Undergrad: 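What follows is a single structure, and I will ask about it in a moment.
One-based numbering along the sequence shown. Only a predicted model underlies this, so the values are computations on that prediction, with no experimental measurement involved.
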Amino acid sequence: MPSACPKCDAAIVAGTSACKKCGLAIDRMDSFAASREVAVPEPLVRAWELAVDHWSDHARHEEVLRLITQNDAYAWGAAKYRSRAGDPIADKFLERVRKSAEVTMLTSATARNVVQKNPYRNTIMLLVIVILGIAGAALYASIKSSGPTPTPPSVEVQP
């Protein structure tokens, strides 16, 4: 059993089945920790180590943030800063990692391909109804104007 939760870094209480802080099940902690281990480029790892060694140097953290963004390692960077939660610098850069990830997600999103079966269906239906109405009115008018055909007067022929 791990001594700390790999998700939130809270201490694990003996005899519990899940982390008291985040709820991650004890039996899933090892697989969760393994899934978070990603191949992080050496320059990013080295930049993080330098930032830890010179914690109050904002330029070091800016370099870490630049490399996190460049290598799309937002989860890794957030976990590193989250492990130092409560520290003003860590909290500030954790928020910046979150915002950077959000911006990257929004700018790289693609529109869903929504296919409409017939985008002008209502317009076409209205046009058909109008045409049928006009045709019906024209037919009615032609029948009405012609009226019944008059019968010629009968002529009586006398012998």
Undergrad: Is there a side-chain contact between Thr69 and Tyr74, using heavy atoms and a 4.5 Å cut-off?
TA: yes
Undergrad: Quick one: are Pro88 and Asp91 in side-chain contact, heavy atoms under 4.5 Å?
TA: no
Undergrad: Could you walk me through whether Tyr81 and Lys92 pass the side chain to side chain contact (heavy atoms under 4.5 Å, CB included) check?
TA: CA-CA 9 Å; Tyr81 281 110; Lys92 174 185 173 184; over 6 Å; no
Undergrad: Kindly indicate, with the supporting measurements, whether the criterion salt bridge (Lys or Arg N to Asp or Glu O under 4.0 Å) is fulfilled by Lys99 and Glu102.
TA: CA-CA 5 Å; Lys99 286 180 180 179; Glu102 186 176 311; over 6 Å; no
Undergrad: Could you tell me whether Glu95 and Arg98 have a side-chain N and a carboxylate O separated by less than 4.0 Å?
TA: yes
Undergrad: If you compare all heavy atoms of Cys5 against all heavy atoms of Leu24, which two are closest, and at what distance to 0.1 Å?
TA: SG-CD2, 4.1 Å
Undergrad: About how many Å separate CG of Asp72 and CE of Met105, when rounded to the nearest 0.5 Å?
TA: 12.0 Å
Undergrad: Does Val40 reach the side chain of Asn71, with side-chain heavy atoms less than 4.5 Å apart?
TA: no
Undergrad: Under a 4.0 Å threshold between the charged nitrogen and the carboxylate oxygen, would Arg60 count as salt-bridged to Glu63?
TA: no
Undergrad: Measure up the Trp55 and His61 rings against each other and bin them: parallel (under 30°), tilted (30 to 60°), perpendicular (over 60°).
TA: perpendicular
Undergrad: Determine the minimum heavy-atom distance between Met29 and Cys19, stating which atoms define it.
TA: CE-CB, 3.9 Å
Undergrad: Trp76 vs Trp48 aromatic rings, parallel, tilted or perpendicular, using cut-offs 30° and 60°?
TA: perpendicular
